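Structure first, commentary second.
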2 protein chains.
Amino acid sequence: MRAKKRQRQSELQSLLDDNPFLTDQELAERFAVSIQTIRLDRMELGIPELRERVKMVANDAYAKIKSLGEEELIGDLWQFEPEVRGVSTLDATMEMIYEKTMTVRAEHIFAQANSLAVFMANSSEAITVGASVQFLRPVYAGERLVCTAAIVKREEKRIHMDVTTTSTDSLVFSGKFILGISV
Amino acid sequence: MRAKKRQRQSELQSLLDDNPFLTDQELAERFAVSIQTIRLDRMELGIPELRERVKMVANDAYAKIKSLGEEELIGDLWQFEPEVRGVSTLDATMEMIYEKTMTVRAEHIFAQANSLAVFMANSSEAITVGASVQFLRPVYAGERLVCTAAIVKREEKRIHMDVTTTSTDSLVFSGKFILGISV
DNA sequence: CTATAATTGTGAGCAGGTAATAATAGCCGG
DNA sequence: CCGGCTATTATTACCTGCTCACAATTATAG
């Protein structure tokens with residue numbers, strides 16, 4: 001009997017690990033045991049109830065999505081002079097980190113810069129066609145990245161921009177972006 | 001009276017837009033009205049109850065996190081010859097799109113490339129120090145991006161890599177990455 | 001065969017609601 | 001100033017998916 005219990009509990013654990021949206025009811029049916037058994041198992045495993053699980057997923061998600069998700073502008077716009085320059089800030093979080101080195105992954109720094117560049121070109125429909133970038137020093141969680149994009153030259157079909165990112169007064173990123181205007 | 005109501009409802013809307021975790025109770029206190037008023041407002045605005053909102057966030061999140069979140073390697077590794085080349089694929093989704101142009105935002109393409117480059121350098125602790133990249137054509141949702149990173153030169157403290165991304169047999173991205181080795 | 005472990009059942013109570021119905025307050029036009 | 005309308009508040013019953021406490025049953029190992 002004890003073997004069955006352990007078996008069920010470990011299955012329960014992994015089942016809920018990759019699908020937190022199951023009710024005790026559904027779990028009870030899946031394992032062909034009573035709802036109370038499922039509750040006892042959850043207690044023993046320290047697994048919270050459905051609603052708490054969903055809340056946790058939603059919360060994580062909320063943090064992570066902000067870090068690099070569907071936002072059009074990554075970071076928060078701080079200053080904006082149309083056709084001249086824009087400044088955005090982004091707080092580096094643990095979600096952005098490459099574990100081995102504990103440094104912020106380059107794509108996040110690039111994303112802040114690129115999205116600001118695209119935003120600056122907002123007079124029309126712009127897409128990034130090229131960029132030459134340097135990541136000048138490693139960035140750690142907790143740093144506040146201040147990104148400045150300045151329009152260098154505006155041609156008929158292209159915009160050239162210089163984008164730099166600083167943190168605690170030292171340069172961490174510098175890049176030249178070329179955006180193409182399609183309309 | 002009508003003005004007050006509209007005011008409150010629009011505030012309610014935007015409040016819940018960027019914080020779906022508020023109960024009717026809390027909202028009622030915030031607006032100094034009864035709980036029923038809040039419920040009526042939600043009805044009129046078609047806003048579901050707290051639990052449904054949280055569930056929605058959790059669900060989205062579940063999908064979105066997969067697209068571009070805390071993963072170390074963005075995309076799925078397809079081929080890997082240590083010290084030579086690696087290939088990853090990434091399906092472009094609606095979450096990656098810049099609304100105005102309906103094209104995938106450059107940072108996603110960059111992220112796939114950069115994370116693959118870092119992965120390739122996995123023998124040691126590598127960080128991106130520079131990159132020169134071209135986005136050769138717009139990419140739309142639904143395309144499968146196949147990214148190839150090849151090691152060009154390995155120096156004592158640096159790795160040079162060529163990274164290209166293709167989709168439906170045409171080149172969409174090409175870049176040269178330089179990674180620094182710290183250990 | 002019995003002591004212990006595992007399972008099942010029962011009832012009360014809670015949070016955060018829905019739904020329906022009624023009563024009250026505030027304002028506006030005539 | 002009063003009738004009518006909208007907005008607001010209150011009240012009650014009910015729902016889901018639990019928790020908590022307690023009891024009863026079943027299984028099984030020693």
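Each chain gets a letter, A, B and so on, in the order the sequences are listed, and its residues count up from 1. Note that the structure is a prediction, hence the values are computed from the model and not measured.
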- request: State plainly whether the residues B:E49 and B:R42 are in salt-bridge range, i.e. N to O under 4.0 Å.
  value: no
Can you give me every donor-acceptor pair (side chain of residues 156-164 of chain B, partner residue at least two apart or in another chain, under 3.5 Å) with its distance?
from, atom 1, to, atom 2, distance (Å)
B:H160, NE2, B:E155, OE2, 3.3
B:D162, OD1, B:K176, NZ, 3.3

Return the value, rounded to whole Å, for the distance between atom [atom1] of [X] and atom [atom2] of [N].
X: A:K5; N: D:dA29; atom1: NZ; atom2: C1'; result: 15 Å
X: A:K4; N: C:dA5; atom1: NZ; atom2: C1'; result: 14 Å
X: A:Q9; N: C:dA6; atom1: CD; atom2: P; result: 9 Å
X: B:L22; N: C:dG17; atom1: CG; atom2: C1'; result: 15 Å
X: B:M43; N: D:dT9; atom1: CE; atom2: P; result: 16 Å
X: A:D41; N: C:dA6; atom1: CG; atom2: P; result: 10 Å
X: A:F31; N: C:dT7; atom1: CZ; atom2: P; result: 12 Å
X: B:I47; N: C:dG17; atom1: CD1; atom2: P; result: 12 Å

task: Tell me, please, which residues at least two apart from B:Q9 pass side-chain hydrogen bond (donor to acceptor under 3.5 Å, both in side chains).
output: B:D41, B:E44
statement: Nearest heavy-atom approach of B:L116 to B:C147 is CD2-O, 3.5 Å
- prompt: Honestly curious: do B:F173 and B:L136 fall in one hydrophobic cluster under the side-chain, below-4.5 Å linking rule?
  reply: no
Could you write out each protein N or O paired with an N or O of nucleotides 9-11 of chain C at a distance under 3.5 Å?
none

- prompt: Should B:R8 be listed as having a side-chain N or O under 4.0 Å from OP1 or OP2 of D:dA7?
  reply: no
What's touching nucleotides 13-16 of chain C from the protein side, N or O pairs under 3.5 Å?
from, atom 1, to, atom 2, distance (Å)
C:dA15, N3, B:R51, NH2, 3.0
C:dG16, O4', B:R51, NH2, 2.9
C:dG16, N3, B:R51, NH1, 3.1

task: Tell me who clusters with A:L40, hydrophobic residues only, linked when side chains sit under 4.5 Å apart either directly or through other members.
output: none
query: Tell me the salt bridge (Lys or Arg N to Asp or Glu O under 4.0 Å) pairs involving residues 128-140 of chain B, sequence neighbours left out?
result: B:R137-B:E143
task: Please step through side-chain hydrogen bond (donor to acceptor under 3.5 Å, both in side chains) for the pair B:S88 and B:Q112, ending with a clear verdict.
output: CA-CA 8 Å; B:S88 79; B:Q112 181 187 16; 3.2 Å; yes
message: At 4.0 Å (heavy atoms only), tell me whether B:R53 reaches a base, stays on the sugar-phosphate, or touches nothing.
response: nothing
- prompt: Looking across every strand, which nucleic acid part, if any, lies under 4.0 Å from A:R42 by heavy atom: base, sugar-phosphate, or nothing?
  reply: sugar-phosphate
- prompt: Once the angle between the rings of A:F110 and A:F177 is folded into 0 to 90°, is it parallel (under 30°), tilted (30 to 60°) or perpendicular (over 60°)?
  reply: tilted
